[in-house]
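Reading through the structure tokens given below for one structure.
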Amino acid sequence: LSFVQEWRQVAINITIVCGSQRPSSESAKVAGHVGVLLARHHPESPVRVLDLGRSPLPWWSDDFRVDGSDAARRWAPTAALLGATDGFVIVTPEWGGMSPPALKNLFLLCDGSDELADKPALLVGVSSSGGGAYAVAELRASSYKNTRICYIPEQVMVRNVCDLFAGDALVESQAARDVESRLVHGLALLVGYAEALVAVRRSGIRDSKRFGYGM
Ligand SMILES: Cc1cc2nc3c(=O)[nH]c(=O)nc-3n(C[C@H](O)[C@H](O)[C@H](O)COP(=O)(O)O)c2cc1C
């Protein structure tokens with residue numbers, strides 16, 4: 001019991017990643033509403049938003065880990081933010097049946113380092129029609145090997161997204177309520193996993209020096 005109590009006292013930092021590289025995207029509206037729900041249901045958890053459309057990251061380049069390079073300087077604040085995060089919400093639009101290049105780039109920037117390692121993430125797929133599942137499936141299949149991000153089993157699909165928002169606010173409709181209740185459930189699970197995985201990271205089990213890249 002004391003372990004559980006100690007566990008519960010950990011402040012869980014959440015970062016919401018908006019994976020669209022459009023400066024004004026529907027995914028950003030979804031990310032904003034996720035932030036509202038976290039503030040409402042998990043007020044003890046500090047929340048940050050990383051919008052890859054409004055705050056573009058440097059594209060992966062040979063020199064982005066070279067001290068003093070322009071890419072390294074631009075990447076450093078985001079690396080620090082991700083490193084201080086305990087759980088992620090990854091909002092991905094579906095583009096051409098994939099997740100956007102800017103989001104794949106983020107995973108390359110974290111390739112073989114510990115910013116995302118052994119931290120849970122809730123995937124939220126966004127589509128202006130009935131799509132979204134391919135982007136989410138792609139991330140489950142391809143983005144975790146060297147980042148060691150842990151996608152939780154629950155995921156939320158936000159379909160027909162343009163019908164769900166009036167400006168930045170969720171509309172009053174059954175479809176909007178259904179999406180919101182899925183999000184609330186997914187976020188509660190995310191926070192639970194985030195609390196649990198603190199213990200895994202503190203355990204020192206991971207040997208990043210020896211096994212820096214997954215198989
Ligand atoms: C380049 C591009 C490709 C797209 N391909 C798909 C797709 O494969 N499946 C889908 O459901 N929607 C597709 N869409 C529409 C998105 O679902 C729509 O733009 C939605 O608003 C989410 O993207 P956003 O967050 O960038 O606004 C595509 C949009 C763009 C810009």
Side-chain angles (χ1 to χ4, degrees), residues 14-40 47-61 74-75 78 81-82 85 87-110 115-116 120-144 147 149 151-187 189-190:
I14 303 286
T15 295
I16 305 166
V17 177
C18 170
S20 176
Q21 61 205 64
R22 297 170 66 216
S24 190
S25 67
E26 297 300 320
S27 296
K29 295 178 188 172
V30 174
H33 195 66
V34 167
V36 168
L37 294 178
L38 279 166
R40 190 183 301 160
V47 177
R48 304 292 292 272
V49 178
L50 174 60
D51 185 333
L52 302 181
R54 287 180 198 159
S55 309
L57 294 173
W59 289 105
W60 186 95
S61 59
R74 288 179 58 210
W75 169 238
T78 305
L81 167 69
L82 301 178
T85 295
F88 298 93
V89 182
I90 308 286
V91 180
T92 179
E94 184 169 287
W95 279 20
M98 305 179 279
S99 58
L103 187 52
K104 302 302 290 282
N105 180 58
L106 172 67
F107 292 117
L108 280 184
L109 293 169
C110 298
E115 289 95 355
L116 312 182
L122 171 68
L123 281 163
V124 178
V126 178
S127 170
S128 55
S129 58
Y134 288 118
V136 163
E138 180 198 11
L139 292 180
R140 285 195 184 280
S142 69
S143 55
Y144 69 91
T147 64
I149 193 168
Y151 293 120
I152 68 170
E154 202 67 24
Q155 62 193 31
V156 182
M157 305 307 301
V158 183
R159 295 191 167 118
N160 301 305
V161 64
C162 303
D163 298 340
L164 298 181
F165 286 89
D168 290 336
L170 208 65
V171 298
E172 276 294 323
S173 71
Q174 189 56 48
R177 278 190 290 277
D178 289 346
V179 165
E180 188 169 81
S181 51
R182 284 278 178 179
L183 285 171
V184 169
H185 179 236
L187 292 172
L189 282 165
L190 175 71

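Indexing begins at 1, ligand by ligand and atom by atom, following the structure's order.
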Measure the spacing between [atom1] of [X] and [atom2] of [Y] and express it to the nearest 0.5 Å.
X: I16; Y: I90; atom1: CD1; atom2: CD1; answer: 10.5 Å
X: L123; Y: E154; atom1: CG; atom2: CD; answer: 11.5 Å
X: N160; Y: S129; atom1: CG; atom2: OG; answer: 7.0 Å
X: C18; Y: L50; atom1: SG; atom2: CG; answer: 8.5 Å
X: L164; Y: R159; atom1: CG; atom2: CZ; answer: 12.0 Å
X: Y151; Y: F88; atom1: OH; atom2: CZ; answer: 10.0 Å

Below 4.0 Å, non-hydrogen atoms only: which portion of S20 touches ligand 1? Side chain, backbone, both or neither.
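Side chain only.
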Applying a 4.0 Å heavy-atom criterion (strictly less than), which segment of E94 is in contact with ligand 1: side chain, backbone, both, or neither?
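Both backbone and side chain of E94 come within 4.0 Å of ligand 1.
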Heavy-atom nearest neighbour in the protein, as seen from [atom], with distance rounded to 0.1 Å:
atom: atom 11 (O) of ligand 1; value: S127 OG, 2.6 Å
atom: atom 25 (O) of ligand 1; value: S27 OG, 2.6 Å
atom: atom 2 (C) of ligand 1; value: W95 CG, 3.9 Å

Which ligand 1 atoms does [X] reach within 4.0 Å, using its non-hydrogen atoms?
X: R22; answer: 19 (O), 24 (P), 26 (O), 27 (O)
X: G97; answer: 7 (C), 8 (O)
X: S129; answer: 11 (O)
X: G131; answer: 11 (O)
X: E26; answer: 21 (O), 24 (P), 25 (O), 27 (O)
X: P93; answer: 22 (C), 23 (O), 24 (P), 25 (O)

Any idea which heavy atoms bring Q155 and L122 closest together, and the distance?
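It is CA-CD1, 4.1 Å.
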Write down the atom of K29, the atom of G167, and the distance for their closest heavy-atom approach.
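Smallest heavy-atom distance, with atoms named: CD-O, 3.4 Å.
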Evaluating non-hydrogen atoms only, which member of S128, G130, G96 is closest to atom 15 (C) of ligand 1?
S128
